[in-house]
Amino acid sequence: MTEFNGSSMIDPFGRAITYLRVSVTDRCDFRCVYCMAEDMHFLPKKDLLSLEELDRLCTLFIEKGVRKLRLTGGEPLVRKNIMHLVRELSRHLKSGALEELTLTTNGSQLARFADELADCGVRRINISLDTLDSQKFRSITRWGDLDKVMRGIEAAERAGLKIKLNAVALKGFNEFEIPDMIRWAHGRGMDLTLIETMPLGEIDADRTDQYLPLSHMRAELERQFTLTDIPFKTGGPARYVEISETGGRLGFITPLTHNFCEGCNRVRITCTGTLYMCLGQEDAADLRAPLRASEGNELLSQAIDEAIGRKPKGHDFVIDRQTRRPAVSRHMSVTGG
Ligand code: SAM
Ligand code: SF4
(Lines give C-alpha, C1' and ligand atoms only; values in the text may rest on other atoms or scores of the structure.)
(Ligands and ions follow the chains in the order given, each with its own letter.)
Protein backbone atom coordinates (compact mmCIF):
# COMPACT_ATOMS: atom_id res chain seq x y z
CA MET A 1 0.00 0.00 0.00
CA THR A 2 1.47 3.33 -0.99
CA GLU A 3 0.54 6.54 0.75
CA PHE A 4 1.05 9.94 -0.81
CA ASN A 5 0.65 12.38 1.97
CA GLY A 6 3.55 14.73 1.90
CA SER A 7 6.13 12.58 3.62
CA SER A 8 9.58 13.02 2.16
CA MET A 9 10.52 9.62 3.54
CA ILE A 10 9.54 7.02 0.95
CA ASP A 11 11.13 3.58 1.20
CA PRO A 12 12.26 1.38 -1.72
CA PHE A 13 8.84 -0.30 -1.80
CA GLY A 14 6.97 2.98 -2.16
CA ARG A 15 5.78 3.06 1.45
CA ALA A 16 5.62 6.55 2.97
CA ILE A 17 6.94 6.77 6.52
CA THR A 18 4.43 8.72 8.57
CA TYR A 19 4.56 6.96 11.91
CA LEU A 20 7.44 7.08 14.39
CA ARG A 21 7.70 5.06 17.57
CA VAL A 22 10.22 6.28 20.07
CA SER A 23 11.48 4.18 22.92
CA VAL A 24 12.39 6.76 25.56
CA THR A 25 13.92 4.29 28.00
CA ASP A 26 14.84 0.60 28.06
CA ARG A 27 13.96 0.44 31.78
CA CYS A 28 10.72 -0.76 33.26
CA ASP A 29 9.08 -1.27 36.63
CA PHE A 30 7.70 -4.66 35.41
CA ARG A 31 9.46 -7.76 34.10
CA CYS A 32 6.82 -9.34 31.87
CA VAL A 33 7.91 -12.91 31.23
CA TYR A 34 7.54 -12.74 27.42
CA CYS A 35 9.37 -9.41 27.22
CA MET A 36 12.29 -9.43 29.63
CA ALA A 37 14.48 -11.77 31.60
CA GLU A 38 14.18 -11.16 35.34
CA ASP A 39 17.81 -10.15 35.58
CA MET A 40 18.02 -7.52 32.84
CA HIS A 41 21.05 -5.38 32.18
CA PHE A 42 20.04 -1.88 31.27
CA LEU A 43 21.96 0.73 29.36
CA PRO A 44 24.20 3.10 31.28
CA LYS A 45 22.48 6.49 31.58
CA LYS A 46 25.26 8.21 29.63
CA ASP A 47 24.33 6.27 26.49
CA LEU A 48 20.79 7.64 26.47
CA LEU A 49 19.74 10.58 24.39
CA SER A 50 18.80 13.51 26.58
CA LEU A 51 15.20 14.72 26.48
CA GLU A 52 16.39 17.69 24.41
CA GLU A 53 18.07 15.35 21.92
CA LEU A 54 14.94 13.21 21.71
CA ASP A 55 12.93 16.33 21.04
CA ARG A 56 15.30 17.44 18.29
CA LEU A 57 15.20 14.03 16.65
CA CYS A 58 11.40 13.76 16.81
CA THR A 59 11.02 17.30 15.49
CA LEU A 60 13.16 16.50 12.46
CA PHE A 61 11.12 13.38 11.76
CA ILE A 62 7.96 15.49 11.96
CA GLU A 63 9.45 18.01 9.55
CA LYS A 64 10.23 15.13 7.21
CA GLY A 65 6.64 13.88 7.24
CA VAL A 66 5.86 11.95 10.40
CA ARG A 67 2.21 12.59 11.38
CA LYS A 68 1.85 10.20 14.26
CA LEU A 69 4.27 9.76 17.11
CA ARG A 70 4.10 7.12 19.80
CA LEU A 71 6.26 7.14 22.93
CA THR A 72 7.06 3.71 24.25
CA GLY A 73 9.80 1.81 26.03
CA GLY A 74 10.56 0.02 28.33
CA GLU A 75 8.01 1.89 30.35
CA PRO A 76 7.88 5.45 28.96
CA LEU A 77 6.38 6.89 32.15
CA VAL A 78 9.33 5.80 34.32
CA ARG A 79 11.78 7.96 32.36
CA LYS A 80 12.73 10.91 34.57
CA ASN A 81 10.98 14.15 33.54
CA ILE A 82 9.21 12.44 30.67
CA MET A 83 6.36 14.94 30.88
CA HIS A 84 8.82 17.64 29.89
CA LEU A 85 9.33 15.87 26.55
CA VAL A 86 5.59 15.29 26.10
CA ARG A 87 4.90 18.96 26.76
CA GLU A 88 7.61 20.05 24.31
CA LEU A 89 6.34 17.70 21.61
CA SER A 90 2.79 18.91 22.08
CA ARG A 91 3.76 22.13 20.27
CA HIS A 92 3.65 20.12 17.04
CA LEU A 93 0.05 19.16 17.77
CA LYS A 94 -0.81 22.81 18.28
CA SER A 95 0.88 23.82 15.03
CA GLY A 96 -0.95 21.03 13.19
CA ALA A 97 2.32 19.43 11.99
CA LEU A 98 1.56 16.35 14.05
CA GLU A 99 -1.82 14.63 13.96
CA GLU A 100 -1.38 12.45 16.97
CA LEU A 101 0.89 12.16 19.98
CA THR A 102 0.29 9.01 21.93
CA LEU A 103 1.94 6.42 24.12
CA THR A 104 2.00 2.76 25.03
CA THR A 105 2.22 2.16 28.75
CA ASN A 106 1.82 -0.58 31.31
CA GLY A 107 -0.45 1.81 33.22
CA SER A 108 1.46 1.70 36.51
CA GLN A 109 2.19 5.45 36.55
CA LEU A 110 -1.01 6.70 34.93
CA ALA A 111 -2.70 7.75 38.15
CA ARG A 112 0.08 10.34 38.40
CA PHE A 113 0.26 11.43 34.78
CA ALA A 114 -3.13 10.99 33.12
CA ASP A 115 -4.33 14.57 33.65
CA GLU A 116 -1.12 16.09 32.42
CA LEU A 117 -1.07 13.86 29.36
CA ALA A 118 -4.59 14.98 28.48
CA ASP A 119 -3.55 18.57 29.07
CA CYS A 120 -0.70 18.14 26.58
CA GLY A 121 -3.12 17.10 23.85
CA VAL A 122 -2.73 13.33 24.15
CA ARG A 123 -6.12 11.90 23.17
CA ARG A 124 -5.63 8.14 23.01
CA ILE A 125 -3.30 5.79 24.81
CA ASN A 126 -2.59 2.07 24.65
CA ILE A 127 -2.44 0.23 27.94
CA SER A 128 -1.00 -3.26 28.08
CA LEU A 129 -3.01 -5.63 30.22
CA ASP A 130 -2.82 -9.40 29.85
CA THR A 131 -5.20 -10.52 32.59
CA LEU A 132 -7.82 -9.20 35.02
CA ASP A 133 -6.76 -11.58 37.78
CA SER A 134 -4.35 -10.00 40.26
CA GLN A 135 -2.42 -13.17 41.00
CA LYS A 136 -2.01 -14.02 37.35
CA PHE A 137 -1.07 -10.39 36.74
CA ARG A 138 1.70 -10.67 39.30
CA SER A 139 2.95 -13.90 37.75
CA ILE A 140 3.04 -12.56 34.17
CA THR A 141 4.59 -9.17 35.03
CA ARG A 142 6.70 -10.65 37.88
CA TRP A 143 6.65 -7.27 39.68
CA GLY A 144 3.35 -5.61 38.75
CA ASP A 145 0.40 -4.66 40.94
CA LEU A 146 -2.96 -4.93 39.18
CA ASP A 147 -4.70 -2.54 41.61
CA LYS A 148 -2.25 0.18 40.74
CA VAL A 149 -2.83 -0.36 37.02
CA MET A 150 -6.59 -0.28 37.58
CA ARG A 151 -6.24 3.04 39.38
CA GLY A 152 -4.23 4.24 36.39
CA ILE A 153 -6.94 3.12 33.97
CA GLU A 154 -9.57 4.94 36.04
CA ALA A 155 -7.48 8.09 36.10
CA ALA A 156 -7.06 7.93 32.33
CA GLU A 157 -10.82 7.49 31.88
CA ARG A 158 -11.52 10.45 34.16
CA ALA A 159 -9.03 12.56 32.22
CA GLY A 160 -10.99 11.78 29.06
CA LEU A 161 -8.25 9.72 27.40
CA LYS A 162 -9.50 7.14 24.93
CA ILE A 163 -8.01 3.80 25.96
CA LYS A 164 -7.11 0.80 23.88
CA LEU A 165 -6.05 -2.30 25.76
CA ASN A 166 -3.35 -4.57 24.37
CA ALA A 167 -3.13 -8.15 25.56
CA VAL A 168 -0.49 -10.63 24.48
CA ALA A 169 -2.25 -13.94 23.84
CA LEU A 170 -0.42 -16.63 25.79
CA LYS A 171 -1.13 -20.32 25.63
CA GLY A 172 -2.31 -21.76 28.92
CA PHE A 173 -2.25 -18.35 30.54
CA ASN A 174 -5.01 -16.07 29.32
CA GLU A 175 -6.54 -17.93 26.38
CA PHE A 176 -9.66 -18.88 28.35
CA GLU A 177 -9.95 -15.48 29.98
CA ILE A 178 -10.02 -13.50 26.75
CA PRO A 179 -13.83 -13.64 26.32
CA ASP A 180 -14.17 -12.07 29.80
CA MET A 181 -11.57 -9.47 28.97
CA ILE A 182 -13.48 -8.60 25.80
CA ARG A 183 -16.71 -8.13 27.77
CA TRP A 184 -14.92 -6.10 30.44
CA ALA A 185 -13.12 -3.80 27.98
CA HIS A 186 -16.11 -3.29 25.71
CA GLY A 187 -18.34 -2.71 28.71
CA ARG A 188 -16.12 0.27 29.56
CA GLY A 189 -15.98 1.56 26.01
CA MET A 190 -12.41 0.40 25.38
CA ASP A 191 -11.15 -1.45 22.32
CA LEU A 192 -9.05 -4.53 22.94
CA THR A 193 -6.26 -5.79 20.71
CA LEU A 194 -4.71 -9.22 20.94
CA ILE A 195 -1.04 -9.65 20.05
CA GLU A 196 0.88 -12.79 19.12
CA THR A 197 4.16 -13.24 21.00
CA MET A 198 7.11 -12.30 18.86
CA PRO A 199 10.54 -13.93 19.11
CA LEU A 200 12.46 -10.87 20.32
CA GLY A 201 15.40 -11.25 22.68
CA GLU A 202 16.41 -14.01 25.06
CA ILE A 203 13.94 -14.46 27.90
CA ASP A 204 13.94 -17.06 30.68
CA ALA A 205 11.01 -19.05 29.23
CA ASP A 206 10.63 -21.15 26.09
CA ARG A 207 8.60 -19.19 23.56
CA THR A 208 7.11 -22.27 21.93
CA ASP A 209 5.34 -22.89 25.25
CA GLN A 210 3.84 -19.39 25.18
CA TYR A 211 2.92 -19.01 21.55
CA LEU A 212 -0.81 -18.99 20.82
CA PRO A 213 -1.67 -18.46 17.14
CA LEU A 214 -4.44 -15.88 16.91
CA SER A 215 -6.03 -17.81 14.05
CA HIS A 216 -6.90 -20.46 16.69
CA MET A 217 -8.02 -17.80 19.15
CA ARG A 218 -10.31 -16.27 16.57
CA ALA A 219 -11.89 -19.63 15.79
CA GLU A 220 -12.46 -20.18 19.52
CA LEU A 221 -14.03 -16.74 19.94
CA GLU A 222 -16.35 -17.40 17.01
CA ARG A 223 -17.95 -20.17 19.04
CA GLN A 224 -19.39 -17.61 21.45
CA PHE A 225 -19.32 -14.27 19.62
CA THR A 226 -20.30 -12.99 16.20
CA LEU A 227 -17.22 -11.42 14.64
CA THR A 228 -17.49 -9.18 11.59
CA ASP A 229 -14.37 -7.90 9.80
CA ILE A 230 -14.34 -4.12 9.60
CA PRO A 231 -12.00 -1.77 7.70
CA PHE A 232 -11.26 0.27 10.88
CA LYS A 233 -7.58 1.34 11.10
CA THR A 234 -5.57 3.23 13.69
CA GLY A 235 -2.37 3.55 11.65
CA GLY A 236 -0.90 0.43 13.27
CA PRO A 237 -0.78 -3.17 12.09
CA ALA A 238 -3.96 -4.43 13.82
CA ARG A 239 -6.87 -5.79 11.79
CA TYR A 240 -10.22 -5.27 13.47
CA VAL A 241 -13.50 -7.06 13.88
CA GLU A 242 -16.68 -5.85 15.49
CA ILE A 243 -18.34 -8.10 18.02
CA SER A 244 -22.13 -7.95 17.68
CA GLU A 245 -22.80 -9.13 21.25
CA THR A 246 -20.79 -6.32 22.86
CA GLY A 247 -20.85 -3.67 20.14
CA GLY A 248 -17.09 -3.21 20.66
CA ARG A 249 -13.99 -3.63 18.51
CA LEU A 250 -11.40 -6.36 18.78
CA GLY A 251 -8.03 -6.05 17.04
CA PHE A 252 -5.64 -8.78 16.02
CA ILE A 253 -1.92 -8.16 15.64
CA THR A 254 -0.63 -11.26 13.92
CA PRO A 255 3.03 -10.94 12.98
CA LEU A 256 3.35 -14.72 12.81
CA THR A 257 0.14 -16.07 11.33
CA HIS A 258 -0.41 -13.15 8.95
CA ASN A 259 2.43 -10.96 7.92
CA PHE A 260 1.30 -7.33 7.79
CA CYS A 261 4.45 -5.75 6.38
CA GLU A 262 3.10 -4.64 3.03
CA GLY A 263 1.34 -1.63 4.53
CA CYS A 264 4.14 -0.74 6.94
CA ASN A 265 4.38 3.01 7.44
CA ARG A 266 6.58 3.11 10.53
CA VAL A 267 10.10 3.16 11.87
CA ARG A 268 11.39 3.05 15.42
CA ILE A 269 14.08 4.80 17.35
CA THR A 270 15.60 3.58 20.57
CA CYS A 271 16.55 5.68 23.57
CA THR A 272 20.16 5.70 22.33
CA GLY A 273 19.17 7.12 18.95
CA THR A 274 19.38 3.92 16.92
CA LEU A 275 16.90 3.83 14.07
CA TYR A 276 15.33 0.45 13.31
CA MET A 277 13.61 0.31 9.98
CA CYS A 278 11.89 -2.98 10.93
CA LEU A 279 11.00 -4.46 14.32
CA GLY A 280 11.92 -7.92 13.08
CA GLN A 281 15.29 -7.27 11.42
CA GLU A 282 18.75 -6.51 12.78
CA ASP A 283 19.63 -3.72 10.34
CA ALA A 284 19.79 -0.31 12.02
CA ALA A 285 21.29 3.14 11.64
CA ASP A 286 22.99 5.14 14.33
CA LEU A 287 21.48 8.62 14.53
CA ARG A 288 23.20 9.66 17.74
CA ALA A 289 26.55 10.32 16.07
CA PRO A 290 25.16 12.61 13.33
CA LEU A 291 22.87 14.23 15.92
CA ARG A 292 25.82 15.10 18.13
CA ALA A 293 28.24 15.90 15.30
CA SER A 294 26.71 19.25 14.48
CA GLU A 295 24.07 21.68 15.62
CA GLY A 296 22.46 21.77 12.22
CA ASN A 297 20.32 18.90 10.98
CA GLU A 298 21.88 18.20 7.55
CA LEU A 299 23.96 15.20 8.61
CA LEU A 300 21.11 13.82 10.64
CA SER A 301 18.64 14.24 7.82
CA GLN A 302 21.03 12.52 5.40
CA ALA A 303 21.51 9.60 7.80
CA ILE A 304 17.72 9.21 8.09
CA ASP A 305 17.26 9.27 4.30
CA GLU A 306 19.99 6.67 3.81
CA ALA A 307 18.40 4.41 6.40
CA ILE A 308 14.87 4.72 4.97
CA GLY A 309 16.45 3.89 1.60
CA ARG A 310 17.20 0.42 2.92
CA LYS A 311 14.02 -0.30 4.87
CA PRO A 312 13.47 -4.02 4.29
CA LYS A 313 10.35 -5.46 2.75
CA GLY A 314 9.38 -7.18 5.98
CA HIS A 315 10.15 -9.55 8.82
CA ASP A 316 9.98 -13.32 8.85
CA PHE A 317 9.29 -14.39 12.39
CA VAL A 318 9.07 -18.09 13.08
CA ILE A 319 8.24 -19.80 16.36
CA ASP A 320 8.49 -23.57 16.27
CA ARG A 321 10.46 -26.36 17.90
CA GLN A 322 13.23 -26.13 15.28
CA THR A 323 13.66 -22.36 15.54
CA ARG A 324 14.62 -21.80 19.13
CA ARG A 325 16.73 -18.71 18.69
CA PRO A 326 15.03 -15.31 18.73
CA ALA A 327 14.55 -13.69 15.29
CA VAL A 328 16.45 -10.68 16.59
CA SER A 329 18.59 -10.56 19.68
CA ARG A 330 17.23 -7.32 21.14
CA HIS A 331 14.23 -7.30 23.45
CA MET A 332 10.94 -5.61 22.64
CA SER A 333 11.73 -3.18 25.46
CA VAL A 334 14.73 -1.91 23.48
CA THR A 335 13.00 -1.20 20.19
CA GLY A 336 9.67 -0.40 21.78
CA GLY A 337 6.30 -2.03 21.08
N1 SAM B 1 5.96 -0.91 28.88
C2 SAM B 1 4.97 -0.51 27.95
C3 SAM B 1 3.86 -1.54 27.88
O4 SAM B 1 4.05 -2.65 28.37
O5 SAM B 1 2.82 -1.20 27.32
C6 SAM B 1 5.48 -0.19 26.57
C7 SAM B 1 6.53 -1.08 25.99
S8 SAM B 1 6.07 -2.78 25.76
C9 SAM B 1 7.57 -3.46 25.09
C10 SAM B 1 4.97 -2.62 24.37
C11 SAM B 1 4.11 -3.82 24.05
O12 SAM B 1 4.92 -4.87 23.61
C13 SAM B 1 3.31 -4.36 25.23
O14 SAM B 1 1.94 -4.41 24.86
C15 SAM B 1 3.85 -5.74 25.42
O16 SAM B 1 2.86 -6.62 25.87
C17 SAM B 1 4.36 -6.08 24.05
N18 SAM B 1 5.42 -7.09 24.01
C19 SAM B 1 6.56 -7.15 24.73
N20 SAM B 1 7.32 -8.21 24.37
C21 SAM B 1 6.62 -8.85 23.39
C22 SAM B 1 6.86 -10.00 22.61
N23 SAM B 1 7.95 -10.73 22.72
N24 SAM B 1 5.92 -10.35 21.69
C25 SAM B 1 4.79 -9.61 21.53
N26 SAM B 1 4.51 -8.50 22.23
C27 SAM B 1 5.41 -8.13 23.16
FE1 SF4 C 1 7.87 -3.58 30.84
FE2 SF4 C 1 6.15 -3.30 28.86
FE3 SF4 C 1 8.12 -5.14 28.72
FE4 SF4 C 1 6.15 -5.52 30.42
S5 SF4 C 1 5.97 -5.43 28.19
S6 SF4 C 1 8.36 -5.72 30.86
S7 SF4 C 1 5.65 -3.49 31.03
S8 SF4 C 1 8.38 -2.97 28.75
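This is a predicted model, so every value here is computed, not measured. As the structure lists them, so they are numbered: ligands from 1, and atoms in each ligand from 1.
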Would [X] and [Y] pass as an ion pair if we require N to O under 4.0 Å?
{"X": "Glu53", "Y": "Arg292", "result": "yes"}
{"X": "Glu177", "Y": "Lys136", "result": "yes"}
{"X": "Asp55", "Y": "Arg91", "result": "yes"}

Would you mind running through ligand 1 and noting each atom that sits below 4.0 Å from a heavy atom of [X]?
{"X": "Cys35", "value": "19 (C), 20 (N)"}
{"X": "Thr72", "value": "6 (C), 7 (C)"}
{"X": "Thr105", "value": "2 (C), 3 (C), 5 (O)"}
{"X": "Met198", "value": "22 (C), 23 (N), 24 (N), 25 (C)"}
{"X": "Gly73", "value": "7 (C), 9 (C)"}
{"X": "Val168", "value": "16 (O), 26 (N)"}

N/O to N/O below 3.5 Å, does that happen between [X] and ligand 1?
{"X": "Thr104", "value": "no"}
{"X": "Glu75", "value": "yes"}
{"X": "Asn166", "value": "no"}

Nearest-option assignment for [atom], heavy atoms, candidates [options]:
{"atom": "atom 25 (C) of ligand 1", "options": "Glu196, Arg70, Gln210", "value": "Glu196"}
{"atom": "atom 4 (O) of ligand 1", "options": "Gly74, Ser128, Ala167", "value": "Ser128"}
{"atom": "atom 1 (Fe) of ligand 2", "options": "Ser23, Cys28, Gly144, Cys35", "value": "Cys28"}

Of all heavy-atom pairs between [X] and [Y], which one has the smallest distance, and what is that distance?
{"X": "Arg183", "Y": "Asp180", "result": "NH1-OD1, 3.1 Å"}
{"X": "Ala167", "Y": "Asp130", "result": "CA-OD1, 3.4 Å"}
{"X": "Cys120", "Y": "Ser90", "result": "O-CB, 3.0 Å"}
{"X": "Arg31", "Y": "Glu38", "result": "NE-O, 3.4 Å"}

Legend entry - Name of the residue among Thr193, Asp229, Leu250 meeting side chain to side chain contact (heavy atoms under 4.5 Å, CB included) with Tyr240: Thr193
Inset, instruction - With heavy atoms of Cys32 as the reference, note each atom of ligand 2 found under 4.0 Å away. - result: 4 (Fe), 5 (S), 6 (S), 7 (S)
Inset, instruction - Take every heavy atom of Gly74, measure it against each atom of ligand 2, and state whether any distance is under 4.0 Å. - result: yes
Inset, instruction - Examine Arg249 relative to Phe232 and say whether NZ or CZ is less than 6.0 Å from the centre of the six-membered ring and inside a 45° cone about the ring axis. - result: yes
